[in-house]
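As structure tokens, the structure follows; a few thoughts come after it.
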Amino acid sequence: MISYRNLRVAILGAGSVGSQVADQILRHGDELSSRIGAGLDLVGVAVRDIDAPRDTEIPRELLTTDAESLVRGADVVIELMGGLEPARTLVLSALNSGADVITANKAMLATHGPELFDAAAQVGAQLYYEAAVAGAIPIIRPLRDSLAGDRVTRILGIVNGTTNFILDRMDTVGESLEEALATATALGYAEADPTADIEGYDAAQKAAILASLAFHTRVPLDAVHREGITSVSRDQVVAARKAGYVVKLLAICDRIEGENGGVSARVHPALVPLEHPLAAVHGANNAVFVEAEAAGPLMFYGAGAGGIQTASAVLGDVVSAARRHVVGGPGVAESQHANLPVLPISAVTTRYQITLEVADRAGVLAAIAGVFQDHGVSVETLAQTVIPAGEGHAGDQPAATLVIGTHEASEADLAATVTSLTGNAVVHSVTSVLRVEGL
Ligand code: NDP
Ligand code: HSE
């Protein structure tokens, strides 16, 4: 039997994820080696502060602040520092020296992915990133390998645990957004600065990665339409449940067919029917719902974050990369052959639920229906509730709440409809506009 030399593994970062990856390699190295066919030598772990407390015990002699030297001479580099720099420079340096790189860094991939994939392709190195989207959940490899013979048409993902936790608390416990965020912070789900989560930046990075992979097309981060959850109110969540929906922050990647077709990626809060599998994703869990032409609907569910959970995905990549190192052959290349047009949100069609406060008198419904008709938006459902005197925006004037569900309409037509409604004399206020997904 051929024996292969031990592979030199370097880890950049020993925080929540890196400390767990180091621990697994140190404690279960023999078992990982059996799966690979070669030993793994952990040659060093780069950190900022050697004396900082760690979640796991890492021998002091392995810790270094000289990440650049550590990268040189490694066969496999595991980047778990996060952020754009120096992560990007170190990853480029590793790839250029022929090392395979594993990363969980969605910000770096969504921003510098093309440059990094090109560098890997130049030298035949591999760049693995299973942990960059939805933590422990296997979703990158299923999209890249298992579904490689199929045609993915749509992805609906709950890919941010913090916002799912917050929306779930608003729905199931009745907290306001501010209260739910405070709970998420107290329980350690939300960062001290939760902007990336609640404003949808984190989910948008993941959407760019998923859309690029699923549609074999580079989808830049700035082409991802992004709305966070900060404008979602408790009233909207309550009304949604009454109407048979739950509010979720979704990352949606669509293949849009037709003459002006292409692909689109967007992140925004959406109404999801209670019977849809994504509606049952509670707490900080993640789930990715994939629709493919032959396979039909598939759902991938589990922990989207957490040190040890995310380490599982990283170690799967370590074994894959190391196996290829042992057996040889080309690395896993980025697939961008389709090179489809990346379309703006205005090209998307979906359904909408619009809530209005209107005057309650003869002719109002006809006037509202006329606005929808004028913009080519077809109304599917309409429910009216009388607002008790004195509670609406118009004081003692008779008023009513209208909840209007539309058939599929384009974003552009819907936006024009909302603008007209806002300026219409019978409309006191447009209380809520939410997209409906998963029907
Ligand atoms: P942490 O902030 O917990 O850890 C970052 C580590 O990198 C620390 O050990 C830090 O050193 C080290 N580091 C940062 N900058 C430098 C630098 N310039 N030079 C040397 N070392 C540096 O991050 P996480 O473990 O939470 O996340 C790591 C990556 O994994 C990120 O890309 C993140 O997006 C991704 N990820 C994280 C998940 C999670 O649940 N935490 C889930 C999925 C992905 P020191 O300790 O000395 O400060
Ligand atoms: N902040 C992210 C979340 C961590 O809440 O899901 C994983 O990327």
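Note that the structure is predicted; figures quoted are calculated from it, not measured. Atoms within each ligand, like the ligands themselves, are counted from 1 in listed order.
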Residue and atom name of the nearest protein heavy atom (relative to [atom]), distance in Å to one decimal:
atom                    : value
atom 6 (O) of ligand 2  : G161 N, 2.7 Å
atom 4 (O) of ligand 1  : G15 CA, 3.2 Å
atom 11 (O) of ligand 1 : R48 N, 3.2 Å
atom 47 (O) of ligand 1 : D49 N, 2.8 Å
atom 19 (N) of ligand 1 : M81 CE, 3.3 Å
atom 46 (O) of ligand 1 : R54 NH1, 2.6 Å
atom 5 (O) of ligand 2  : T162 OG1, 2.6 Å

Let me have the donor-acceptor pairs involving side chains of residues 39-47, under 3.5 Å, with sequence neighbours excluded, atom names and distances please.
unit_1: D41; atom_1: OD1; unit_2: N6; atom_2: ND2; d: 3.2
unit_1: D41; atom_1: OD2; unit_2: N6; atom_2: ND2; d: 3.4

_Whether A67 lies under 4.0 Å from ligand 1, heavy atom_ = no
*Contact between E79 and ligand 1, counting heavy atoms under 4.0 Å?*
no
*Looking at ligand 1, does any of its N/O atoms fall within less than 3.5 Å of an N/O of G306?*
yes
*Is any heavy atom of the protein nearer than 4.0 Å to atom 2 (O) of ligand 1?*
no
*Is there at least one protein heavy-atom neighbour under 4.0 Å from atom 23 (O) of ligand 1?*
no
*For A14, take its heavy atoms, then give the atoms of ligand 1 lying under 4.0 Å from any of them.*
6 (C), 8 (C), 9 (O)
_Using a 4.0 Å cutoff against the non-hydrogen atoms of P86, which atoms of ligand 1 qualify?_
18 (N)
*T183 versus E175, side-chain donor and acceptor atoms under 3.5 Å*: yes
*Using a distance-only test with no angle check, is there a side-chain donor-acceptor pair under 3.5 angstrom linking D66 and T64?*
no
*ligand 2-proximal atoms of D202, by part, heavy-atom distance under 4.0 Å*: side chain
*Contact with ligand 2 for K206, non-hydrogen, under 4.0 angstrom*: yes
*Is the closest heavy atom of G135 to ligand 2 under 4.0 Å?*
no
*Between L315, D317, I102, which is the residue that forms a side-chain contact (heavy atoms from CB on, under 4.5 Å) with I78?*
I102
*Parallel under 30°, tilted from 30 to 60°, perpendicular over 60°: which one fits the rings of H216 and H337?*
tilted
Do any nitrogen or oxygen atoms of [X] come within less than 3.5 Å of a nitrogen or oxygen of ligand 2?
X    : result
K106 : yes
N286 : no
G304 : no

*Selected option - heavy-atom contact closest to atom 1 (N) of ligand 2, from I198, D197, I166, I158*: D197
